[in-house]
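Throughout, residue positions are numbered sequentially from 1 according to the sequence presented.
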Amino acid sequence: MASSFLKLLLFVLTTLCLIVELALAKHAGITRRYKFDIKMQNVTRLCQTKSIVTVNGQLPGPTIIAREGDRVIVNVVNHVQYNVSIHWHGIRQLRSGWADGPAYITQCPIQTGQSYVYNFTVTGQRGTLFWHAHISWLRVTVHGAIVILPKRGVPYPFPQPYKEVPIIFGEWWKADTERIISQAQQTGGAPNISDAYTINGLQGPLYNCSAKDTLKLKVKPGKTYLLRLINAALNDELFFSIANHNLTVVEADAVYVKPFKTNTVLITPGQTTNVLLKTKKHHPNATFLMAARPYATGPASFDNSTTAGILEYHNPSNKTRKIKNFPLLRPLLPLFNDTTFATKFVNKIRSLANSKFPAKVPQTVDRHFFFTIGLGLSPCTNQNQTCQGPNNTMLAASVNNVSFVMPSTALLQAHFFNKSKGVYTTDFPTNPPFKFNYTGTPPTNIIVTSSTKLAVLPFNTKVELVMQDTSIIGAESHPLHLHGFNFFVVGQGFGNYNPNTDPAKFNLVDPAERNTVGVPSGGWVAIRFLADNPGVWFMHCHLEVHTSWGLKMAWIVMDGKRQNQKLPPPPSDLPQC
């Protein structure tokens with residue numbers, strides 16, 4: 001009798017434990033709701049007032065804050081004359097591809113007067129990411145930070161900071177950017193370069209008429225600050241430094257890295273980098289510039305200016321000497337073409353690769369791809385005027401000589417409902433159409449082909465992709481962003497990739513895990529990823545001018561066999577084209 005009672009008690013306790021465990025698992029995260037009103041806002045910068053597209057009237061837009069495991073619901077309402085879509089850059093979107101956001105890839109854009117609810121869960125990620133408009137050039141003013149905190153009770157793998165500060169780099173044009181890119185696409189020439197860079201929407205004291213538009217970061221002595229750096233600029237990679245202060249890099253693209261000290265950070269559009277700033281132990285009688293200026297490798301002109309904010313030590317006891325009398329110290333930033341520094345910096349970024357944060361690098365490969373990335377020309381489409389490219393052509397950009405043509409309906413819808421006919425084909429080339437000396441003398445014919453081709457991957461395919469820069473028109477660094485996945489940067493080098501000797505040098509132990517990687521100017525980069533996320537996933541250069549010219553493609557990842565490996569149907573409010 002006692003024995004059966006004990007068995008019953010044990011059964012009841014086990015069942016209770018299971019119920020509690022399931023309840024905890026079910027409520028591991030909470031739901032966080034946001035409303036984004038897309039509206040025009042008058043803003044005065046560089047002594048000039050212009051009307052810009054904003055979220056809730058803010059520049060940068062509101063910060064999304066969530067914990068790992070939380071569900072995020074954002075109702076986006078479009079009150080402006082432009083079509084809009086929002087991308088949650090770096091969020092894995094596991095089986096939630098309908099919420100990824102790139103216009104005409106995973107959704108039709110949200111039209112004027114319409115709304116769409118983005119609904120996704122943050123799974124297995126923590127750190128800094130960002131959101132931005134993903135149509136035309138609206139990203140210039142429609143962007144903001146995403147801060148993903150660890151689960152409750154889980155510490156950072158670095159000293160707990162006293163304070164955390166998002167620092168978003170942007171670009172500013174005096175003219176209307178939608179008009180600039182529209183005009184460039186009609187004429188086939190390069191669009192006008194920006195007039196300034198910004199830190200948290202402010203140009204800073206080194207530009208005319210901008211002393212009042214300066215970010216001031218007030219700090220206390222002897223404290224550790226976590227700076228969440230985000231490059232939301234349209235067309236420029238940036239060097240960032242704080243005068244007389246070291247920074248410790250602890251995370252890149254929302255993945256913890258082996259910490260390393262540096263004076264300067266290189267950050268490309270689409271990348272995020274978390275750094276620890278340890279302030280001086282005693283109050284210094286100085287203020288310090290935090291400055292960013294471009295790293296530019298290509299043949300084109302670029303905005304060679306510097307944005308700056310001010311790091312100011314807060315000292316309530318020192319009332320006699322005013323801060324304005326302190327000297328303002330400037331950081332020494334690398335030259336705009338310092339590829340040596342850029343390469344050394346990038347090579348220092350390594351995954352933690354420990355038991356808590358393993359680096360799950362695919363050790364074997366199912367599919368090999370070799371993509372040439374670069375510029376080219378396309379024939380002049382406008383019969384009535386001369387195009388501004390060489391020999392009456394239009395500037396273009398391509399992957400494996402295919403310049404991607406945006407469809408007029410969303411690719412994910414066409415794929416999901418088996419209506420690909422007339423929308424896209426699935427014959428994206430695995431290799432370039434012909435071999436040449438990619439980083440040497442270009443071939444005589446540099447005209448690209450234009451089409452909407454996709455590459456198809458069965459579920460759980462282990463992919464190795466080598467991206468090779470070309471010197472057609474000019475060698476240039478290209479920050480490539482892959483939607484829906486993190487990937488491991490297993491190798492990189494200069495010159496032409498050698499498939500016989502280079503793979504032997506790949507790092508399969510602790511490579512950087514990222515969502516955006518710079519293909520080196522005149523070089524190559526090799527990445528690996530596991531295609532474990534069904535849907536249609538965009539991959540493109542994060543220099544907006546190159547995306548506009550066609551430096552983009554998309555992957556279809558097929559459903560797996562199990563129910564939890566399939567893409568669910570679209571939400572009822574998915575915008576229509």
Classify the ring geometry of F485 against F529: parallel below 30°, tilted from 30° to 60°, perpendicular beyond 60°.
tilted
What pairs with [X] under side chain to side chain contact (heavy atoms under 4.5 Å, CB included), at least two apart in sequence or on another chain?
X    : value
P334 : F239, T264, D338, F341
V346 : L266, Q492
P284 : K280, F288, Y313
T248 : V250, P259, K261, L276

Test of ring centre spacing under 6.0 Å for W537 and F487:
no
Disulfide bond (SG atoms under 2.5 Å apart) partners of residues 201-264, not counting sequence neighbours, each pair once:
C47-C209
Please say which of H546, H483, H481 ends up in a side chain to side chain donor-acceptor pair (under 3.5 Å) with H540.
H483
Between the side chains of R71 and N119, does any donor sit under 3.5 Å from an acceptor?
yes
Check: Q203 side chain, W172 main-chain N or O, donor-acceptor pair, under 3.5 Å:
no
Nearest atoms (heavy-atom pairs only) where [X] meets [Y]:
X    : Y    : value
D469 : V519 : N-CG1, 3.8 Å
E251 : V257 : N-CG2, 3.6 Å
L289 : A308 : CD2-CB, 3.8 Å

Exceeds 12 heavy-atom contacts within 6.0 angstrom, atom [atom1] of [X]:
X    : atom1 : result
N564 : CG    : yes
R330 : CZ    : no
K281 : NZ    : no

Sequence neighbours left out, what passes ring pair (Phe, Tyr, Trp, His ring centres under 6.0 Å) with F120? Give chain and number order.
W88
